[in-house]
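Step one of this worksheet: look at the structure below.
In this text, all values refer to a predicted model and were calculated from it rather than measured experimentally.
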Amino acid sequence: MEYRVILVESNRLMLERLSSVIRNTKDFELVSRYQQAGDALGQGLVFKPNLILLDIDDEENLSMLEDFTKSFSDADVICLSAKWAPSDSESIARAGAKGFLIKPFTSEELIEALRTFNKSGLSYGSDVISFFSPKGKSGKTTLIANLGMALAQKTGQQVGVIDADLQFGDMSVFFNLAPKTTIMEAVRDINFLSPVTLNSYFLPIAENLRVLCGTRRPEYAEMVDIKAFTEVIDMARSMYRYVLIDLPSGFVPISIATAEASDITYLAAMINGTFEIHHMQRALEIFKAWPDYENRVRTVFTRVEPCNNDEREKLAQSLGYNKVSVIPNEYMLVSSAANNGQMAILEQPSSKFANFVNQLADEIIGSRAHVRLG
């Protein structure tokens with residue numbers, strides 16, 4: 001595709017620098033450039049652009065963003081800034097901007113930005129869903145992987161999975177990946193990233209599904225700053241319609257911080273004895289400190305047999321909490337699929353396991369949960 005570009009940049013030196021990049025990028029033609037956004041709105045239509053690069057470090061430019069998306073209805077608008085600002089992400093997406101790019105940028109970064117945003121666009125109204133287990137061996141990694149695939153297939157929208165089990169995360173093993181970039185590098189680099197560059201840290205698994213793998217070694221967990229990780233989550237919101245986060249077991253700092261940053265938190269437990277209900281009840285007591293916990297906290301039990309509505313209601317009654325989902329025990333199917341490098345819902349799409357995972361995906365799709373703390 002060939003791009004006819006209008007560039008709006010208030011800083012003269014930056015205007016010259018970015019103009020040079022655009023002119024030297026194959027298939028990009030700089031048809032006009034402005035320091036004042038008002039001039040671009042008044043004069044730019046005559047050039048018939050299909051791409052607007054708009055500096056939003058100037059607050060006046062930011063206030064005119066919606067005017068640009070309406071006036072240049074046949075053009076994509078990419079916002080430019082010296083630094084990513086999570087507080088602006090939803091507003092610029094709602095105003096109709098197609099993407100965001102940190103300046104200055106190279107030709108390669110410009111091309112990659114267009115490639116990425118033409119596929120996904122900036123997302124607003126994203127759901128961040130974390131999965132937490134009071135104790136280990138909950139089956140949540142398998143559930144998250146298959147649920148991510150179900151959400152991607154059902155919605156046709158971008159889904160990102162983050163392995164935040166810093167010491168013992170195994171998403172890379174589950175998907176048979178050898179990542180060059182992991183959560184550790186994403187957290188380390190976050191101050192220099194934009195949505196398009198963060199997206200490159202996520203590895204593609206299938207159409208509309210990508211994963212950010214956990215640390216390569218358990219001792220690297222100490223190198224992941226929690227505040228920086230929550231900034232990774234904020235940036236991921238702008239790229240993915242659904243962000244699914246696999247958390248370590250127990251109430252460790254990263255689990256608490258991530259749950260607080262999430263729209264929904266699922267408490268996960270595997271039915272394997274008599275203590276799971278007790279552990280879930282104790283975990284729920286802690287989450288009750290949130291004033292809106294009933295809107296944000298749900299539970300899911302795996303390896304449930306018989307797996308039906310009656311058993312779900314029994315578990316809900318025993319738990320004393322009605323937001324309960326159940327996943328059947330199909331260990332052989334899940335193991336066989338994993339050994340084949342496949343997900344169970346794709347290996348046997350008509351299986352009971354696939355049916356219940358798809359039911360859970362439908363519940364998530366149908367329940368736009370955006371009640372967040374503070």
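- The pair E16-R33 meets the salt-bridge criterion, since a charged nitrogen lies less than 4.0 angstrom from a carboxylate oxygen.
- Of the options L319, T265, L315, a side chain to side chain contact (heavy atoms under 4.5 Å, CB included) to T299 is made by L319 and by none of the others.
- Results of the side chain to side chain contact (heavy atoms under 4.5 Å, CB included) test with F356 over V326, T302, N146 single out V326 as the only residue that passes.
- Under the 4.0 Å criterion applied to side-chain N and carboxylate O atoms, E285 and K288 are assigned as salt-bridge partners.
- The OG1 atom of T69 sits 13.0 Å away from atom CZ of R94, with the distance rounded to the nearest 0.5 Å.
- Residues that satisfy the salt bridge (charged side-chain N to carboxylate O under 4.0 Å, His left out) test with D163, not counting sequence neighbours, are absent from this structure.
- Contact check on R237 versus D263 returns a salt bridge, with a Lys/Arg side-chain nitrogen under 4.0 Å from an Asp/Glu carboxylate oxygen.
- In this model, a donor atom of one side chain and an acceptor atom of the other lie less than 3.5 Å apart for N208 and Q158.
- In the model, T197 has no side-chain atom that pairs as donor or acceptor with a side-chain atom of E109 under 3.5 Å.
- One finds a salt bridge joining K103 and D57 here, because a Lys/Arg side-chain nitrogen approaches an Asp/Glu carboxylate oxygen to under 4.0 Å.
- Checking side-chain atoms of S238 against main-chain N and O of M235 turns up a donor-acceptor pair under 3.5 Å.
- Taking the centre of each ring, F301 and Y266 stay at or above the 6.0 Å mark.
- Using a distance-only test at 3.5 Å, with no hydrogens or angles considered, no donor-acceptor pair links the side chain of R210 to the main chain of Y240.
- A donor-acceptor pair under 3.5 Å is formed between the side chain of E305 and the backbone N or O of N329.
- Under the 3.5 Å distance criterion, the side-chain polar atoms of S81 are left unmatched by any main-chain donor or acceptor of W84.
- Panel note: side chain N61, backbone D55; a donor-acceptor pair is recorded below 3.5 Å.
- Applying side chain to side chain donor-acceptor pair (under 3.5 Å) to Y201 and the options T182, D189, T181 leaves one that passes, D189.
- Put simply, I256 and F132 are part of the same group of oily side chains (I, L, V, M, F, W, Y) that touch within less than 4.5 Å, one to the next.
- Judged by distance alone, with hydrogens and angles left aside, the side-chain atoms of E29 form no donor-acceptor pair with the main-chain N or O of V31 at under 3.5 Å.
- No donor-acceptor pair under 3.5 Å is formed between the side chain of S32 and the backbone N or O of I6.
- Counting only residues at least two apart or on different chains, no salt bridge (charged side-chain N to carboxylate O under 4.0 Å, His left out) pair has a member in residues 36-53.
- Side chain of T258 to main chain of I254: a donor-acceptor pair is present (N/O by atom type, distance under 3.5 Å, no hydrogens or angles).
- With sequence neighbours excluded, no residue forms a side-chain hydrogen bond (donor to acceptor under 3.5 Å, both in side chains) with T215.
- Using a distance-only test at 3.5 Å, with no hydrogens or angles considered, no donor-acceptor pair links the side chain of N358 to the main chain of L151.
- No option in Q281, M280, R298, E294 other than E294 meets the side chain to side chain contact (heavy atoms under 4.5 Å, CB included) test with Y321.
- Distance check, rounded to the nearest 0.5 Å: CD1 of I52 to OH of Y3 gives 13.0 Å.
- Separation of atoms CE (M223) and CD (E185) is listed at 8.5 Å; rounding is to 0.5 Å.
- Note on V173: it does not cluster hydrophobically with L166, by side-chain heavy-atom contacts below 4.5 Å among ILVMFWY residues.
- If you check the side chains of N309 and E313, you find a donor sitting under 3.5 Å from an acceptor.
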